[in-house]
Amino acid sequence: MADVVEDQKFSLKEVLDTFQSCLTDNKEILIDQYVAGWRGLVRFMNSLGTIFSFISKDAVGKIQIMANHRKGGHGEQYETVQSMVKYELAHGLVDLTKRADHPESGCRTTLRLHRALRWLELFLERLRTSGEDGKTSAMCAEAYNESLAHHHSWIIRKASLMAFCALPGRATFFEVMNVGTPDQVVTMLGEALPLIAEVYQITEELYAKNNLLDLP
């Protein structure tokens, strides 16, 4: 697994393929593929300039932490999100009430990516179903308010919503996806988003079951 997010064009098809291979037959989430999918999503955000930098930079840091876990001496315990949760909880590697001792635990790191994934899923679904003249700033703000905003301070929320006002139009987003015509983009989003949603829901249920959704 590479240690950096490559500076290359975003490919929606690549992200679709990655999330398609993310789940095992028994619905466990493979961390290598999950991180690879996030690398693609970071390229998507970076393709739009600095507007999403406050999220993409944080995601890059989280991707690196997970790469380090996979390369570490207990890398086999981080093969899937499920095995990671079981291992870290069993060995006291998760801070349930504070973050002083294990600020880079896999559980905490994945939770941050998990929350951001929900925002991107909601935003991309709005892009998919909107009309040509749909306001991307409003779509993004609505998706943010339904997801990440609940976990950000007032200052970050205010700065984020102001940044969204500078978003380009729907046509620019579709062009960045490097798929083809708008109809082709809509079709591929229709294939990709259910896969992302399934990965999100499996993670959500796993974290809820283990009381990990509010890790500090």
Side-chain angles (χ1 to χ4, degrees), residues 5-20 22 34-63 111-201 203-204:
V5 176
E6 298 87 349
D7 184 17
Q8 64 188 69
K9 282 189 176 181
F10 170 72
S11 167
L12 181 60
K13 177 66 165 62
E14 178 186 309
V15 171
L16 170 60
D17 292 342
T18 302
F19 276 99
Q20 202 158 26
C22 196
Y34 184 82
V35 169
W38 256 107
R39 292 178 190 280
L41 292 174
V42 166
R43 285 197 291 273
F44 168 63
M45 290 186 282
N46 289 344
S47 296
L48 295 161
T50 60
I51 297 170
F52 292 132
S53 60
F54 73 102
I55 294 175
S56 65
K57 286 180 181 178
D58 185 62
V60 168
K62 300 297 186 287
I63 287 169
L111 178 61
R112 270 56 185 176
L113 292 172
H114 172 69
R115 291 169 176 171
L117 187 66
R118 178 61 171 165
W119 162 66
L120 280 169
E121 176 203 337
L122 292 170
F123 177 43
L124 291 174
E125 176 61 18
R126 282 171 166 80
L127 277 177
R128 185 184 75 84
T129 58
S130 66
E132 292 181 10
D133 298 327
K135 290 193 66 175
T136 58
S137 57
M139 295 179 221
C140 194
E142 289 169 3
Y144 177 77
N145 285 331
E146 287 182 29
S147 54
L148 273 178
H150 301 298
H151 309 289
H152 286 167
S153 67
W154 181 87
I155 293 176
I156 294 178
R157 292 198 302 270
K158 190 74 172 177
S160 301
L161 293 173
M162 288 181 64
F164 298 155
C165 292
L167 285 175
R170 183 174 184 260
T172 299
F173 276 93
F174 279 18
E175 183 178 343
V176 163
M177 291 178 189
N178 292 303
V179 172
T181 67
D183 286 344
Q184 289 173 313
V185 174
V186 168
T187 297
M188 191 167 288
L189 281 173
E191 296 173 10
L193 287 171
L195 293 170
I196 293 175
E198 184 177 15
V199 169
Y200 174 86
Q201 191 57 40
T203 308
E204 182 79 0

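Just so it is clear, the structure is predicted and the values come from calculations on it, not from any experiment.
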Q) Nearest heavy-atom pair of Leu195 and Leu16: which atoms, and what distance? A) CD1-CD1, 3.3 Å

Q | Met139 side, atom CE; Leu167 side, atom CG - distance, nearest 0.5 Å | A | 10.0 Å

Q: Quick one: closest heavy-atom pair of Gly190 and Arg128, and the distance?
A: N-CD, 3.5 Å

Q. Per the ring-ring contact (aromatic ring centres under 6.0 Å, His included) rule, which among Phe164, Trp119, Phe52 passes with Tyr144?
A. Phe164

Q: For residues Val179 and Leu189, determine if any side-chain heavy atom of one lies less than 4.5 Å from a side-chain heavy atom of the other.
A: no

**Q.** Point-to-point distance, once rounded to the nearest 0.5 Å, from NE2 of His150 to CZ of Arg157
**A.** 9.5 Å

(Q) With a 4.0 Å cut-off on N to O distance, would you call Glu204 and Arg118 a salt bridge? (A) no

(Q) Please verify the inter-ring angle class for Tyr34 with Phe19; under 30° counts as parallel, over 60° as perpendicular, anything in between as tilted. (A) perpendicular

Q. Would a distance-only check, ignoring hydrogens and angles, find a side-chain to backbone donor-acceptor pair under 3.5 Å from Arg115 to Leu148?
A. no

(Q) In the structure I gave you, are the side-chain heavy atoms of Leu124 and Met177 within less than 4.5 Å of one another anywhere? (A) yes

**Q.** Minimum heavy-atom distance Ala59-Trp38, with the two atoms named
**A.** CB-CZ3, 3.9 Å

(Q) Once rounded to the nearest 0.5 Å, what's the spacing between atom CG of Leu122 and atom OH of Tyr200? (A) 8.0 Å

Q | Point-to-point distance, once rounded to the nearest 0.5 Å, from CD1 of Ile55 to CZ of Arg112 | A | 14.0 Å

**Q.** CD-CG distance between Glu14 and Leu41, expressed to the nearest 0.5 angstrom
**A.** 10.0 Å

Q. Looking at residues at least two apart in the chain, or sitting in another chain, which of them share a salt bridge (Lys or Arg N to Asp or Glu O under 4.0 Å) with Glu142?
A. Arg126

Q. Do you know the tightest heavy-atom contact between Cys165 and Ser137?
A. CA-CB, 4.0 Å

Q: Could you grab the distance from atom OG of Ser160 to atom CD1 of Ile155, nearest 0.5 Å is fine?
A: 11.5 Å

Q | Nearest non-hydrogen partners of Gly37 and Thr18, listed with the distance | A | N-CG2, 3.2 Å

**Q.** Crowding at CD, Glu175 (>12 non-hydrogen neighbours, <6.0 Å)
**A.** no

Q. Would a distance-only check, ignoring hydrogens and angles, find a side-chain to backbone donor-acceptor pair under 3.5 Å from Asn178 to Ser11?
A. no

**Q.** Which atom of Ala166 lies closest to which atom of Ile51, heavy atoms considered
**A.** O-CD1, 3.4 Å

Q: Among Thr172, Leu127, Leu48, find the residue that satisfies the side chain to side chain contact (heavy atoms under 4.5 Å, CB included) test when tested with Thr136.
A: Leu127

Q | Non-hydrogen side-chain atoms of Val186 and Phe174 separated by less than 4.5 Å | A | yes

**Q.** Residue pairs involving residues 48-57 (criterion side-chain hydrogen bond (donor to acceptor under 3.5 Å, both in side chains); sequence neighbours excluded)
**A.** Asn46-Ser56

Q: Using side chain to side chain donor-acceptor pair (under 3.5 Å) as the criterion, list what pairs up with Thr129, not counting sequence neighbours.
A: none

Q | Check against side-chain contact (heavy atoms from CB on, under 4.5 Å), Val185 and Phe173 | A | CA-CA 10 Å; Val185 174; Phe173 276 93; over 6 Å; no

